[in-house]
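Chain letters run A, B, ... following the sequence lines, proteins first, then strands; residues in each count from 1.
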Amino acid sequence: MRCQKVRSCLSAFCNGELTGRRFSTVSDHLAICSGCRAEEQNYRSLLKVGQAVNSYRVSDGFNNRLLDRIAHERFAETRSKAYFPKPAPSIIIRRVIPIALTVILVVAVVITNYAPDSNSLPGSLAIGNVQSDDAYRTAQPIDNPNLTGTLRKGWTLDEQLARSDRISRILQKPTFDIPFDNYYRGNAYNVSTSSSRPVPYVDGYYRIQPVITVFGTTASNANKEAEVTY
Amino acid sequence: MSKETEKDIDYRLMRAVQNGDMVAFNEIVDRYKDRLMNVLTRMLSSAEEAEDIVQETFVRVYQHRQSFNFKHCFSTWIYTIGLNLGRNDLRRRKKFKFYEISDMQGNEAELSVDMKVPTRVPEILNSAVQELPEKYRTAFILRDVQELAYEEVAKILSVPLGTVKSRVNRARMMLRDKLQPRLEEQNALSKGTLLPVSFL
């Protein structure tokens with residue numbers, strides 16, 4: 001170990017703060033280096049001087065002066081505002097908060113449970129509802145499997161029925177009342193409603209080519225007619 | 001008396017003080033007043049200022065007795081309060097230069113420690129300690145004068161353990177440099193290689 005390194009550790013060595021390998025390394029170096037040994041002596045002398053230095057003490061009567069001061073401060077504290085009774089508050093916050101929270105909770109429950117639901121509107125008001133329901137994409141009367149009404153994606157059942165109403169009015173032909181329950185939906189689900197509506201039925205009306213053809217293949221012309229009317 | 005036992009005594013006394021026992025508080029004052037006085041006098045180089053700070057320290061201890069956390073060491077707590085008050089006083093004195101009346105009257109007996117001309121090595125050491133930079137001086141006083149453990153000094157000064165060791169080491173080296181001629185002279189006297197002047 002070099003002298004510079006040893007001398008940086010000498011104060012710790014003299015104070016007994018080095019242990020293990022570092023202690024033995026410094027000891028071995030001191031055994032062979034007289035310069036570092038002289039430095040070690042200086043540090044040990046400094047240590048002795050430090051231990052012999054007089055310690056300072058407080059003056060006589062310190063305790064009494066201190067206790068007098070503390071007693072004075074305690075007296076002053078009892079005369080402070082903290083010790084005066086506070087006026088009773090007009091609104092007791094601790095009681096108001098739970099009541100306010102309860103009221104807010106009740107209002108929230110009422111609003112969420114009793115708010116009008118847009119889905120329960122009558123059919124006539126449901127037009128324009130763009131909720132997509134692929135279950136109504138095709139409708140096919142059971143006794144005329146060739147007849148397929150291609151219905152618009154996104155239309156509700158009520159919209160589709162309203163459209164069929166318009167088509168039948170355009171045709172101004174008597175239509176058979178077929179209970180709606182007989183309609184077979186392309187996706188094999190049963191229609192839940194039991195109301196019957198007049199629906200366009202093309203058997204025997206082949207002369208009305210645009211409508212029939214359209215209705216037998218595509219409903220584009222009928223759709224256009226229906227939209228023009230409305 | 002081991003450190004552990006002293007700690008237990010401090011805790012017992014603090015519990016009594018929290019319950020309003022002034023006799024226990026008086027005992028705490030007796031245990032720590034001289035230790036604080038020693039540290040603060042060397043820090044502030046004025047015994048009167050140091051005593052005021054010691055008194056203020058105990059007042060603060062009493063005022064905040066209920067907030068003392070028994071997970072911490074009481075000696076660390078009280079030294080921290082004392083040193084913080086001492087530092088505040090040093091900053092205040094740097095801002096406004098204070099003159100003591102005794103200085104103007106030329107009364108040497110009232111002069112602060114560092115204004116006396118040191119002749120003996122211990123006095124030279126005291127003077128040299130006063131000349132150390134504040135952070136080295138505080139670390140040196142707590143470790144080598146008060147003989148507190150490095151860990152406790154680190155907690156009091158709120159610095160890492162390595163920083164404390166470094167500062168103490170640096171303070172020792174600076175003191176050694178300042179005292180080297182006098183230390184070598186003293187070594188020579190003690191070995192008999194140098195005769196005192198009175199024998200010549």
Side-chain angles (χ1 to χ4, degrees), chain A residues 3-20 22-23 26 30 34-78 80 82-83, chain B residues 22 25-27 29-30 33-42 47-48 50-51 54-59 61-63 113 120-126 128-129 140-141 143-147 150 165 168-173 175-188 190-191:
Chain A
C3 290
Q4 193 181 2
K5 186 82 176 168
V6 168
R7 288 182 192 193
S8 68
C9 303
L10 271 180
S11 69
F13 177 80
C14 295
N15 279 275
E17 292 162 10
L18 289 186
T19 53
R22 287 190 89 181
F23 177 84
V26 171
L30 287 172
S34 57
C36 290
R37 273 204 301 279
E39 281 294 309
E40 186 207 349
Q41 274 305 110
N42 286 338
Y43 274 112
R44 290 200 185 275
S45 304
L46 183 66
L47 193 63
K48 279 185 193 166
V49 168
Q51 287 167 351
V53 166
N54 291 333
S55 60
Y56 294 95
R57 302 174 74 89
V58 295
S59 58
D60 295 334
F62 174 84
N63 284 32
N64 291 336
R65 288 196 297 277
L66 173 65
L67 293 175
D68 284 343
R69 185 174 160 187
I70 286 174
H72 178 76
E73 294 212 353
R74 284 177 77 181
F75 179 77
E77 203 178 273
T78 57
S80 70
Y83 281 77
Chain B
M22 291 308 289
F25 181 72
N26 201 40
E27 204 172 323
V29 171
D30 287 335
K33 63 183 179 184
D34 291 330
R35 295 188 219 181
L36 284 169
M37 185 69 182
N38 208 16
V39 170
L40 288 166
T41 306
R42 294 176 201 287
E48 284 178 2
E51 191 166 310
V54 171
Q55 192 181 81
E56 183 63 31
T57 303
F58 284 114
V59 169
V61 165
Y62 185 78
Q63 284 173 343
V113 173
R120 293 168 50 241
V121 174
E123 289 171 358
I124 298 173
L125 176 64
N126 272 334
V129 168
F140 175 79
I141 291 168
R143 172 72 191 113
D144 286 348
V145 177
Q146 293 298 108
E147 295 179 352
Y150 277 110
K165 288 185 176 177
V168 170
N169 199 32
R170 190 93 180 94
R172 287 170 183 165
M173 289 171 77
L175 288 172
R176 199 246 342 150
D177 291 339
K178 281 192 179 155
L179 269 66
Q180 190 169 6
R182 297 306 297 256
L183 289 171
E184 284 172 352
E185 185 185 311
Q186 198 165 27
N187 287 341
S190 64
K191 287 178 185 172

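Contact record, A:R57 with B:M37: C-CG, 3.6 Å, taken as the closest heavy-atom pair. Of all the heavy atoms in A:V58 and B:D34, the pair that sits closest is N-OD1, 3.3 Å. Across all non-hydrogen atoms, the minimal contact from A:Y56 to B:N38 is N-OD1, 3.1 Å.
Here the side chains of A:E39 and B:R176 are in contact, with some heavy-atom distance below 4.5 Å. Between A:N15 and B:D144, some side-chain heavy-atom pair lies under the 4.5 Å cut-off. The closest side-chain heavy-atom distance from A:L10 to B:R172 is not below 4.5 Å.
Scored by the ring-ring contact (aromatic ring centres under 6.0 Å, His included) test, B:F25 finds B:Y62 as partners (sequence neighbours excluded). Under the ring-ring contact (aromatic ring centres under 6.0 Å, His included) criterion, A:F23 pairs with A:F13, not counting sequence neighbours.
Between A:Y43 atom OH and B:L179 atom CG the span is 11.5 Å, to the nearest 0.5 Å. In this structure, A:N63 CG and B:N26 CG are separated by 5.0 Å, a value rounded to the nearest 0.5 Å. Distance check: A:N42 CG to B:D177 CG gives 10.0 Å after rounding to the nearest 0.5 Å.
In this structure, chain B has heavy atoms under 4.5 Å from both the backbone and the side chain of A:L66.
In terms of non-hydrogen atom pairs under 4.5 Å with chain A, the most contact-rich of B:V145, B:V39, B:V29 is B:V29. If you tally non-hydrogen atom pairs under 4.5 Å between each of A:E17, A:R65, A:R7 and chain B, the highest count goes to A:E17.
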